[in-house]
K.L.:
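The structure follows.
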Amino acid sequence: MRRSVLLCETLRDDPAEADVPNHKLLVRGCFIRQLSSGIYSLLPLGTRVAAKIEQVLREEMDAIGGQELIMPVVQPAEIWQQSGRWYDIGDDLLRLKDRAEHDLVLAMTHEEVITSLIGYNVHSYRQLPVMLYQIQTKFRDEPRPRAGAIRLREFTMKDAYSAHVTQEDLDRYYPDVYQAYFNIFRRCGLDVMSVDSDVGMMGGTMAHEFMSLTPVGEDTLVLCDACGLSANRQIATFRKNIVDGGEPRPLEEVATPDTKTIADLAVLLDIPETSTAKATFFMGDSGLIFAVVRGDMEVNETKLVNATKTTALRPATEGELREYGIVGGYASPIGVSGVQVVVDDLVAESTNLVAGANKEGYHLYNVNYGRDYEADIVADIASAYEGAPCPQCGAPVRLERAIEVGNIFKLGTKYAAALKAQYRDEAGELHPMVMGCYGIGVERLMAAIVEASHDEDGMIWPVSMAPYHVYLVVLNQNDETVMQAAEQLYADLGAAGITVLFDDRNESPGVKFTDADLLGMPLRITVSRRTLKNEAVELKLRTDKDFELVPLAEAVKQAQAQIDALQAAIDARVVEETFVVSDG
RNA sequence: CGGGGCGUGGCUCAGCCUGGUAGAGCGCAGCGUUCGGGACGCUGAGGCCGGCGGUUCAAAUCCGCCCGCCCCGACCA
């Protein structure tokens, strides 16, 4: 491709709306263009990267028996009503009406359609298992798209679904997908780790997320360097060390004016935060939830959702607290009624904690669970924190931010039962199929690659993902000999199967070199009067500082060798993974 | 949805406080000179100053409402 005709006008300045590297670079390099919040066009260069990603996805999905199909984006409300998600999912699901006033949705995922499809086409155990996938548009009306292509409203997803006769068969198949996922990311040149994850509103029994570590990530991981534990913070457990508070002593009221935070309280009473209990309030499906954790910890909302079996949770407002007779800043689990009290297991086992008195300006010494108050639920609802003891080995854990680039779920029979995806067994009995689902966001993966692979000058594409292998720079274009040599090399490289972006624009050297760095093709070749004086061209890896002069006659061969070496390095990273079922 | 910021040519921004006929750099078009890390000169095109309403002799500028975009939080299969 000639740069002179490519739709690619690079930007000198960072776009005002971008503040993370993938966003700045993809926009500056003309890979993507924003149309609206969270809605982007993929420009020619971005489309080429997406195509590379999709090719890898197809190969790896096909390798584990996947069959590609395409399902509709616009779907009737009925199937979403049947699965229940029409009612369970909020505004993320974009709803619309057609001319006949029929309710429709824009698909945010395809469990409903695939399940009804499989139910229609599969009748017998003889036809199972089956693995189907598509690479197709999703729309999610996210409340807050962010970070360039990391969180989009409209995006491309590879979503795959498998259906099985039994849970055991799904369990056997699941590790194959797990391995395929590692292969995919590694072939895309991205380092990922898998973590156990929450099954969320998808339901199901087991889930893994594939995470790329980066400060711009939206998830927090809990990692243990000592034993290798990795989990999403949403579900990560940790060892809780009880601070011995001694034998229960009598309750004692203490005046604590203007002391609404745990930090203030600890200072005022000269006690460690570990000797306090902290109350936090959420509104769930059925009213107010009063959550108690030790003062030095934070409530983990995912754990709280799971413990209370609610579907939605949000912090309660001051007004709601007043309605329930709770005094903000001085709330106490003692004597509250009409609310669901959830107490962290550590608090339940601790003695003589300081808690609110439910009276403006007062706290209570020596609050003891069981004696002074009861809970509706005692469970682990505390969030793992930096330095918390690892649940497996006790070493201090570390928190890291990460982007979730893919996930795999064991769905179970939730959708198959609701949408009648049933098969007949040998005895002629009907059973719901056991399903799994597996997703990867294409644009997010592209963004994650840029986050993981760039420098101050621009993107650095892994050879397997680069829009073109070579950025060919020609200088001194007014010199016919130079131009002829460059044209010949462009043709020869192409004939050898090497993809080339040929910068044939009448631009100064600085412009071309700067663009070459920004666009990040793995290999740069420069042809100029100077290099031709030695019958040579310059070869430079994007990752290297310096170039190498190679004879013009060997340029194609050398370029090919460099590309092969880069590809071999990527291939070498595709190795077998051990699938370990952890207890999460 | 709560908090904050922003909206002026394709891009980055100044001008707004203190109202008086819209600016810079980059980019774009033409000509010429250049030609190894975002070259230079000359000429030129391009703007309902996000929208609507108000105040005023006069609004990019002041006031009100609305819309859009970004960030933090809430939320997120």
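Convention: sequence-line order gives letters A, B, ...; per-chain numbering from 1. These values consider heavy atoms only, across backbone and side chains, with no hydrogens, waters or symmetry-generated copies.
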K.L.:
Give a yes/no answer on whether the side chain of A/Ser37 brings an N or O atom under 4.0 Å of OP1 or OP2 in B/C70.
P.N.:
yes
K.L.:
Would you tell me if any nitrogen or oxygen in the side chain of A/Gln234 comes within less than 4.0 Å of OP1 or OP2 on B/C76?
P.N.:
no
K.L.:
B/C71 P sits how many Å from A/Glu17 CD, rounded?
P.N.:
9 Å
K.L.:
Return the 5'-most residue of the pair A/Arg151, A/Arg144 with respect to RNA chain B, ranking by each residue's nearest nucleotide.
P.N.:
A/Arg144
K.L.:
Output the distance between atom NZ (A/Lys158) and atom CE (A/Met61), rounded to the nearest 0.5 Å.
P.N.:
4.0 Å
K.L.:
If you measure from the C1' atom in B/C62 to the same atom in B/G15, how many Å do you get, rounded?
P.N.:
16 Å
K.L.:
Base, sugar-phosphate, or nothing for A/Phe282, non-hydrogen atoms under 4.0 angstrom?
P.N.:
nothing
K.L.:
Can you find a side chain N or O atom of A/Ser508 that sits less than 4.0 Å from OP1 or OP2 on B/A39?
P.N.:
yes
K.L.:
Taking only the C1' atom of each, what is the distance from B/G3 to B/G10 in whole angstrom?
P.N.:
33 Å
K.L.:
Give the minimum heavy-atom separation between A/Ile150 and A/Ala447, together with the two atoms involved.
P.N.:
CD1-CB, 3.9 Å
K.L.:
What interatomic distance, in whole Å, is found between C1' of B/G2 and the corresponding atom of B/G47?
P.N.:
36 Å
K.L.:
Using a heavy-atom cut-off of 4.0 Å across all strands, would you classify A/Ser83 as base, sugar-phosphate, or nothing?
P.N.:
nothing
K.L.:
Using a 4.0 Å heavy-atom cut-off, does A/Glu404 contact any base of the nucleic acid, only the sugar-phosphate backbone, or nothing at all?
P.N.:
nothing
K.L.:
Looking only at N and O atoms, is any donor in the side chain of A/Asn476 or the base of B/G36 less than 3.5 Å from an acceptor on the other one?
P.N.:
no
K.L.:
Under 30°, 30 to 60°, or over 60°: which ring-plane class applies to A/Phe502 and A/Tyr490, parallel, tilted or perpendicular?
P.N.:
tilted
K.L.:
Please tell me whether A/Thr137 and A/Glu154 have a donor and an acceptor in their side chains that are separated by less than 3.5 angstrom.
P.N.:
no
K.L.:
Counting the atoms with a prime plus P, OP1 and OP2 as sugar-phosphate, which does A/Ala516 contact under 4.0 Å by heavy atoms, base, sugar-phosphate, or nothing?
P.N.:
nothing
K.L.:
Would you call the rings of A/His208 and A/Tyr178 parallel, tilted or perpendicular, where under 30° means parallel and over 60° means perpendicular?
P.N.:
perpendicular
K.L.:
If we take the P atom in both B/C57 and B/C26, what is their distance in whole Å?
P.N.:
43 Å
K.L.:
With a non-hydrogen cut-off below 4.0 angstrom, is A/Glu218 in contact with a base, only sugar-phosphate, or nothing?
P.N.:
nothing
K.L.:
With a 3.5 Å cut-off and just heavy-atom distances, do the side chain of A/Arg529 and the base of B/C35 make a donor-acceptor pair?
P.N.:
no
K.L.:
For a quick check of understanding: with a heavy-atom distance under 4.0 Å over all strands, which category does A/Tyr161 fall into, base, sugar-phosphate or nothing?
P.N.:
nothing
K.L.:
Could you check whether the side chain of A/Arg146 and the base of B/G73 have a donor-acceptor pair of N or O atoms closer than 3.5 Å, going by distance alone?
P.N.:
no
K.L.:
Can you check the A/Lys512 NZ to B/G37 P distance for me, whole Å?
P.N.:
13 Å
K.L.:
Testing A/Arg233, A/Arg144, A/Arg151 one by one against A/Glu218 for a salt bridge (charged side-chain N to carboxylate O under 4.0 Å, His left out), which residue passes?
P.N.:
A/Arg151
K.L.:
Pick base, sugar-phosphate or nothing for A/Arg28, based on heavy-atom distances below 4.0 Å to the nucleic acid.
P.N.:
base
K.L.:
Once you apply the 3.5 Å cut-off to both distances, tell me the Watson-Crick or G-U wobble partner of B/G25, or none.
P.N.:
B/C11
K.L.:
Take atom C1' in B/C6 and the same atom in B/G44, then report the distance between them in whole Å.
P.N.:
32 Å
K.L.:
Measuring only the P atom in each nucleotide, how far is B/C49 from B/G7? A whole number of Å is fine.
P.N.:
14 Å
K.L.:
Mind checking A/Arg524 for me? I need base, sugar-phosphate or nothing, with any heavy atom below 4.0 Å counting as a touch.
P.N.:
base
K.L.:
Given that A/Leu11 and A/Asn506 both sit by RNA chain B, which one's nearest nucleotide is further toward the 5' end?
P.N.:
A/Asn506
